[in-house]
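Residue numbers begin at 1 in each chain, while the letters A, B, ... track the order of the sequences. Everything quoted here is computed from the prediction, not taken from an experiment. Both backbone and side-chain heavy atoms feed into the values below; hydrogens, waters and symmetry mates do not.
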Protein chains: 2
Amino acid sequence: MENYLKCIYNLYVQNDTILLTDLADYMNVKAPSVNSMIKKLAKNGWVKYEPYKPIKITVSGKRRAAEIIRKHRLTEMFLCEMLEFRWDEVHHIAEQIEHINAPEFFERIDMLLGYPKSDPHGSPIPDKYGAITAQAYKRLSDCAKGELVTLKALNRSDESLLKLLTNKNIHLGCTLTVKEIEQYDGSITLKLSDKVYIVLSKTVCDNLMVL
Amino acid sequence: MENYLKCIYNLYVQNDTILLTDLADYMNVKAPSVNSMIKKLAKNGWVKYEPYKPIKITVSGKRRAAEIIRKHRLTEMFLCEMLEFRWDEVHHIAEQIEHINAPEFFERIDMLLGYPKSDPHGSPIPDKYGAITAQAYKRLSDCAKGELVTLKALNRSDESLLKLLTNKNIHLGCTLTVKEIEQYDGSITLKLSDKVYIVLSKTVCDNLMVL
DNA sequence: ATAATAAGTTAGACATATCTAAAAATACAA
DNA sequence: TTGTATTTTTAGATATGTCTAACTTATTAT
């Protein structure tokens with residue numbers, strides 16, 4: 001149920017209402033599984049369910065989801081900061097630890113890390129009441145030629161995207177200047193540092209959030 | 001299955017062969033549950049099962065159990081040393097974290113802690129190959145009047161025992177002098193420090209391992 | 001407006017882990 | 001040695017979460 005709620009929340013951030021099928025795809029599960037689980041989530045008051053209607057997460061559902069996301073992101077931060085894992089290694093470990101039921105454990109981790117506001121991929125860490133500070137970032141792919149921006153966060157951080165960025169020496173906080181935007185496919189040429197120019201596809205740039 | 005194997009190992013340490021009923025009691029589960037799980041463990045080669053015979057753990061079962069116990073004890077140590085939990089708070093959190101499947105995670109924790117040899121209750125931490133260094137401790141209840149000993153480990157560390165010891169200011173490494181042994185019930189009067197004398201029941205002393 | 005397509009639901013199967021109740025095997029003791 | 005008590009096993013139920021196949025409802029496009 002925690003996994004369902006977390007995924008529902010992730011999809012909700014992109015789009016207010018959620019199609020059962022999309023959730024099924026997102027979770028690598030078949031539609032009937034989602035259908036039956038949604039009814040259970042609805043019984044707990046975490047989603048609103050009406051037959052044949054799209055799924056809507058409730059206020060209490062968001063709060064519950066934020067708890068899990070908080071645990072996930074605090075864990076990722078802990079893994080990077082204290083155990084020196086790379087940002088592309090932490091997700092699958094955090095996926096497991098996020099389900100640990102021990103509030104004091106995460107409180108201590110939070111304290112030890114100095115109450116971080118975002119995780120190693122720049123995603124905000126909800127506070128312990130479930131409140132998330134909105135981020136005002138924009139997509140790199142929406143920037144104009146000539147703009148100088150700082151990489152603040154990643155939109156969806158697949159392991160393969162993280163590896164690609166690491167290979168090109170791109171990390172959170174680095175500055176990027178938009179040098180060229182290709183009309184044909186939206187790929188962007190960026191200046192990374194003095195003599196370092198790189199080209200990123202539109203797909204990649206869609207996932208880089210900058211300011 | 002991990003929980004079964006861990007419990008089987010714990011009972012095996014006390015007694016080479018294990019009665020199904022004892023395991024059921026130990027795990028707060030009924031006999032038929034154990035019976036069916038034992039067959040699964042046997043299929044994995046972790047225990048030897050013959051109908052109506054007591055359960056025997058195999059070499060590979062011990063190795064597998066040691067992995068889990070290693071994760072449990074490393075976690076307990078991490079919780080005490082890095083997150084400053086008390087020794088009576090760590091068990092229920094470690095019970096959950098021991099099932100995390102991420103060898104690198106525990107390797108890093110181990111490194112961060114400086115490769116500890118025992119957990120906060122003095123129990124040995126198996127190395128990553130499952131080898132456990134035997135401890136040559138004896139029971140406090142087996143000591144003679146006049147002996148001066150150091151508390152090295154606890155036998156079974158229930159939360160209530162830990163709290164009792166904490167209240168009496170007894171911790172690992174503290175020195176104890178056996179002042180009096182009561183014939184009637186085996187309770188022992190101990191000198192803790194200059195003017196501090198305490199009385200512990202035989203039941204408590206059975207669980208205090210000293211050297 | 002209706003046919004085709006997509007989305008959602010139901011029914012029934014399977015796997016896991018648990019239980020109770022009852023039967024079978026073993027151990028113990030008079 | 002035979003009856004009683006204990007231990008173990010089997011059979012069948014329940015709960016959870018998954019699946020496939022078939023059916024129903026909704027959407028879309030001509």
Side-chain angles (χ1 to χ4, degrees), chain A residues 1-12 14-58 61 64-65 68 72 92 95-101, chain B residues 1-12 14-58 61 64-65 68 72 92 95-101:
Chain A
M1 284 211 312
E2 290 197 339
N3 274 333
Y4 274 89
L5 208 47
K6 190 183 57 161
C7 292
I8 288 168
Y9 185 89
N10 287 339
L11 293 176
Y12 150 80
Q14 318 268 308
N15 198 326
D16 206 57
T17 66
I18 298 151
L19 296 185
L20 188 147
T21 322
D22 292 345
L23 181 54
D25 288 349
Y26 190 75
M27 297 195 70
N28 288 310
V29 125
K30 297 293 184 261
S33 306
V34 174
N35 184 252
S36 77
M37 187 58 82
I38 286 299
K39 290 174 185 171
K40 289 173 197 165
L41 294 173
K43 272 191 188 145
N44 283 282
W46 294 325
V47 299
K48 208 178 121 192
Y49 169 71
E50 290 175 85
Y52 295 100
K53 294 268 175 70
I55 301 154
K56 293 203 71 171
I57 190 167
T58 65
R64 187 78 186 77
I68 302 154
H72 182 100
H92 81 279
E95 285 277 81
Q96 296 179 67
I97 297 188
E98 74 191 5
H99 301 295
I100 299 295
N101 176 18
Chain B
M1 283 210 313
E2 290 197 339
N3 274 335
Y4 274 90
L5 208 48
K6 190 183 57 163
C7 293
I8 288 168
Y9 186 88
N10 287 341
L11 292 176
Y12 150 81
Q14 319 268 308
N15 198 328
D16 206 57
T17 66
I18 299 151
L19 295 185
L20 189 146
T21 322
D22 292 345
L23 181 54
D25 289 349
Y26 190 76
M27 296 195 70
N28 289 309
V29 125
K30 298 292 185 265
S33 307
V34 174
N35 184 252
S36 76
M37 188 57 81
I38 286 300
K39 291 175 185 172
K40 289 173 197 164
L41 294 174
K43 273 193 188 143
N44 282 283
W46 293 325
V47 299
K48 209 178 118 192
Y49 170 72
E50 290 174 86
Y52 295 100
K53 294 269 175 69
I55 301 154
K56 292 203 72 173
I57 191 166
T58 65
R64 186 78 186 79
I68 302 155
H72 182 99
H92 81 279
E95 285 276 84
Q96 296 180 67
I97 297 188
E98 73 191 5
H99 301 295
I100 300 294
N101 175 19

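Nucleic acid contact class of V34(B) (heavy atoms, under 4.0 Å, all strands): none. Residue contacts for K39(A): at a heavy-atom cut-off of 4.0 Å it reaches the sugar-phosphate backbone alone, with no base atom in range.
Spacing between atom OH of Y26(B) and atom P of dT7(D) amounts to 19 Å, rounded to whole angstrom units. Regarding D25(B), its CG atom lies at a distance of 10 Å from the P atom of dT8(D), rounded to whole Å. dT7(D) atom C1' lies 11 Å from atom CD1 of I55(B), rounded to whole Å. The nearest whole Å value for the distance from the CD1 atom in I38(A) to the C1' atom in dA7(C) is 14 Å. Following rounding to the nearest Å, M37(A) (CE) and dT16(D) (P) show an atom-to-atom distance of 10 Å. Summarising the geometry, the separation between CG on L20(B) and C1' on dT9(D) is reported as 9 Å, rounded to the nearest angstrom. When the C1' atom of dG8(C) is taken as reference, atom CG of L23(A) falls 13 Å away, rounded to whole Å. In this structure, N35(B) places its CG atom 14 Å from C1' of dC19(C), rounding to the nearest Å.
Contacts of residues 40-51 of chain A with DNA chain D (heavy atom under 4.0 Å): K40(A).
Residue K30(B) has its side chain nearest to dT20(C) when only dT20(C), dC19(D), dT18(C) are considered. For P32(A), the listed nucleotide lying nearest its side chain is dC19(D); candidates were dC19(D), dA24(C), dT10(D).
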Mind listing the side-chain donor-acceptor pairs of residues 27-42 of chain B below 3.5 Å, one per line with the distance, residues two or more places apart or on another chain?
residue: S36(B); atom: OG; partner: S33(B); partner atom: O; Å: 3.2

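Applying the side chain to side chain contact (heavy atoms under 4.5 Å, CB included) test between I18(A) and each of N10(A), I8(A), V47(A) identifies I8(A) as the sole match.
Looking only at side-chain heavy atoms (C-beta outward), M1(B) and L5(B) stay at 4.5 Å or farther from each other. Using a 4.5 Å heavy-atom threshold, the side chains of I100(B) and H99(A) count as separate.
Between A31(A) and Y52(A), the one whose closest nucleotide on DNA chain D sits nearer the 5' end is A31(A).
Between S33(B) and dC19(C) there is a side-chain N or O to OP1 or OP2 distance below 4.0 Å. Close to dG8(C), at under 4.0 Å from its OP1 or OP2, lies a side-chain N or O of T21(A). An OP1 or OP2 oxygen of dT16(D) is reached within less than 4.0 angstrom by no side-chain nitrogen or oxygen of Y4(A).
In the displayed structure, Y49(B) atom OH is contacted under 6.0 Å by more than 12 heavy atoms of other residues, nucleotides or ligands.
To the nearest 0.5 Å, atoms CG (D16(A)) and CD1 (I57(A)) are separated by 10.0 Å.
For T58(B) (side chain) and W46(B) (main-chain N/O), a donor-acceptor pair under 3.5 Å exists by modelled atom type.
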